[in-house]
Amino acid sequence: MSGKRVLIVGAGHAGGRVAQNLIALDEHCQVILVGEEAHAPYERPALSKDVLLGKQSSEELTLGPVTFWNETPRLQRVVGRVIALNRAQRSVTLSDGSEIAFDDLVIATGGAARTLNIPGGDLSGLHVLRTITDCQQLADALKQAKSVAIIGGGVIGMEVAASATQLGVKATVLDVGDRVMRRCLPADASAWLRQLHLDAGVDLQSSVRPQAIAKVNEQYAIQAKREDGSTFQVWADQVLVAVGIECEIHFAQAAGIECDNGVVVDEFCRSPSEPWCYAVGDVANTFSPFYGRHMRQETWRNAENQARAVALQIVGQNESYHEIPWMWSDQFNHNLQVVGSVEDFDQQVLRGNPAEHQATWVLLREGRVVGGVMINQAKDRKPLEALINSRALIDSQLLADSKTALKKLVA
């Protein structure tokens, strides 16, 4: 039992889970959780789907019982923003001037929604979707809207396009990439998703760059440019900017904590700058022994599992953290899941029929499974993860036979 005083900066999913795990693992540990939201820590995936659709309340997203956050004696919650870190004294300064000392520091700040650096990109009334408050504002706006323009064709952008369409709001997606969810999906799976949205009435504009946004009366006019240089204009009642996040690393970077695409940590989630500093969740750029490189994962599972790994490190259980990437997305009542790497493959094997919305793409490199994409085939996830972890050579012809269950290939 450590009896440490642990400061967690960032009270989202990852930070909240670290707090819960520390309280459970060490009966003497004192935990201070600092976050900018008044809400108790909560999970975010449903914000762009069930909460926006009114199928789930924001209260249901809270991690564990509310009583834990309000009544645990060894847990102190502070609503505020950390602006400085003193490494020598092991203390932080908040924006109100107060200071908090600690034995161990966990950086779980995640990221802030990225904004647009174009004329009109800072107009009041433009939406982002990162927090419960963002979601409530967008949901209220969509109730009065007939159209919404979504800048960004990543996960959030495409999920909101699906949700808005289901709410009866005409959605237009403007994406700088040449295919939707490019970071997450190989070309064939992206093409399936694109067609799913087109069939539902979403207007998808790929390989375009917004140039300016103006508000005219009660509508927004977005000027955009195609790759060939031609320009066009999109009008909408509401605008969502969904172009990713900027990692919240300012106080750590200013203090000399190593940062590069987030806070750099080793396979034990520790900073090489200071052994008492950990990072977790979206902000953690973690070395993966399995992949042999640093990886930053913006996924639910990484926040969930890395939080426990960090808590175990703090209480003295020195085990490295390893996580095969996994994410999911629900759009138009279809479930899409991605495991492993979708970038580093030289062969793909299709099982099933995407046109029937039942398919799995298995991605291989040099005969070994490195990733997979599933459409309404959740049962394939665990076998795919096992095949990725095993690094075994797989017969691609046997893999292509949908009658042969993937779990048999694992055996």
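Note that the coordinates shown come from a computational prediction; the quantities given were computed from them, not determined experimentally. Numbering of residues begins at 1 and proceeds along the displayed sequence.
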Do the ring planes of His357 and His334 sit parallel (below 30°), tilted (30 to 60°) or perpendicular (above 60°)?
tilted
Has the side chain of Arg77 got a donor or acceptor atom that lies under 3.5 Å from a matching backbone atom of Asn70?
no
Partner of Thr286 under side chain to side chain donor-acceptor pair (under 3.5 Å), picked from Gln306, Arg270, Gln297, is Gln306
State whether a side-chain donor-acceptor pair under 3.5 Å links Gln137 with His127.
no
Only counting residues at least two apart or in another chain, list the ones meeting salt bridge (charged side-chain N to carboxylate O under 4.0 Å, His left out) with Glu304.
Arg17
Kindly check if the number of other-residue, nucleotide or ligand heavy atoms within 6.0 Å of NZ (Lys215) is above 12?
yes
Does the Arg179 side chain pair with the main chain of Ala191, one donor and one acceptor, at a distance under 3.5 Å?
no
Is it true that a side-chain atom of Thr109 and a backbone atom of Gly10 form a donor plus acceptor pair closer than 3.5 Å?
no
Would you tell me whether Arg87 and Ser273 have side-chain atoms, one donor and one acceptor, within less than 3.5 Å of each other?
no
Nearest heavy-atom pair of Cys29 and Val6: which atoms, and what distance?
SG-CG2, 3.7 Å
Among residues two or more places apart or on two chains, list those pairs meeting salt bridge (charged side-chain N to carboxylate O under 4.0 Å, His left out) that have a residue in residues 219-242.
none
Determine yes or no for a side-chain-to-main-chain donor-acceptor pair under 3.5 angstrom, with Asn389 supplying the side chain and Glu385 the backbone.
yes
Counting only heavy atoms not in Arg183, do more than 12 sit closer than 6.0 Å to its CZ atom?
no
Note: Trp69 and Ala19 closest approach over all heavy atoms is CZ3-CB, 4.2 Å
Heavy-atom count around Arg209 CZ within 6.0 Å, excluding the residue itself: above 12?
no
Just by distance, do the side chain of Arg44 and the backbone of Gly12 share a donor-acceptor pair under 3.5 Å?
no
Any chance CG of Asn318 has more than 12 other-residue heavy atoms, nucleotides or ligands included, within less than 6.0 Å?
yes
Cys247 and Arg296: CA distance, side-chain angles, deciding distance, side-chain contact (heavy atoms from CB on, under 4.5 Å) verdict
CA-CA 10 Å; Cys247 288; Arg296 191 173 65 80; 3.5 Å; yes
Is the backbone of Asp260 close enough, under 3.5 Å, to the side chain of Asn285 for a donor and an acceptor to pair up by distance?
yes
For Ile257 and Ser271 the tightest heavy-atom approach is CG2-OG, 3.8 Å
Report yes or no: do Gln195 and Asp199 form a side-chain donor-acceptor pair below 3.5 Å?
yes
List the residues meeting side-chain contact (heavy atoms from CB on, under 4.5 Å) with Val128, not counting sequence neighbours, and say none if there are none.
Ala113, Asp134, Val241
Tell me every residue that passes side-chain contact (heavy atoms from CB on, under 4.5 Å) with Arg90, counting only those two or more places apart in sequence or in another chain.
Phe102, Trp276
Side chains of Ile151 and Ile213: closer than 4.5 Å at any heavy-atom pair?
yes
Cationic tip of Arg81 above Phe251 ring, under 6.0 Å, 45° of axis:
no
Within the distance-only criterion (no hydrogens, no angle test), does the side chain of Arg114 pair as donor or acceptor with the backbone N or O of Ile245 below 3.5 angstrom?
yes
Quick one: does any side-chain atom of Trp192 pair with a main-chain N or O of Pro354 as donor and acceptor, under 3.5 Å?
yes
Does the side-chain contact (heavy atoms from CB on, under 4.5 Å) test come out yes or no for Met181 and Ser190, once each step is laid out?
CA-CA 7 Å; Met181 285 178 58; Ser190 177; 5.7 Å; no
Side chains of Asn376 and Asn335: is there a donor and an acceptor less than 3.5 Å apart?
no
Non-hydrogen atoms of Ser341 and Tyr291 that approach each other most closely
N-OH, 4.2 Å
Gap between atom CG of Asp188 and atom CG of Leu350 - 0.5 Å precision
8.0 Å
Start with the C-alpha distance between Phe345 and Leu364, add both sets of side-chain angles, then the distance that settles side-chain contact (heavy atoms from CB on, under 4.5 Å), and finish with yes or no.
CA-CA 5 Å; Phe345 68 94; Leu364 303 97; 6.0 Å; no
Side chain of Asp103, backbone of Arg5: donor and acceptor closer than 3.5 Å?
yes
Not counting sequence neighbours, which residues clear salt bridge (charged side-chain N to carboxylate O under 4.0 Å, His left out) with Arg130? List them please.
Asp282
Test your reading of the model: is there a side-chain donor-acceptor pair from Lys170 to the backbone of Ala236, 3.5 Å cut-off?
no
Taking only residues at least two apart or on different chains, which pairs with a member in residues 151-167 satisfy side-chain hydrogen bond (donor to acceptor under 3.5 Å, both in side chains)?
Ser48-Glu159, Lys49-Glu159, Glu159-Ser329
Yes or no on side-chain contact (heavy atoms from CB on, under 4.5 Å) for Leu336 and Leu185, after CA distance, side-chain angles and deciding distance?
CA-CA 10 Å; Leu336 182 66; Leu185 300 177; 4.0 Å; yes
Determine whether the side chains of Glu60 and Ser57 contain a donor N or O and an acceptor N or O closer than 3.5 Å.
yes
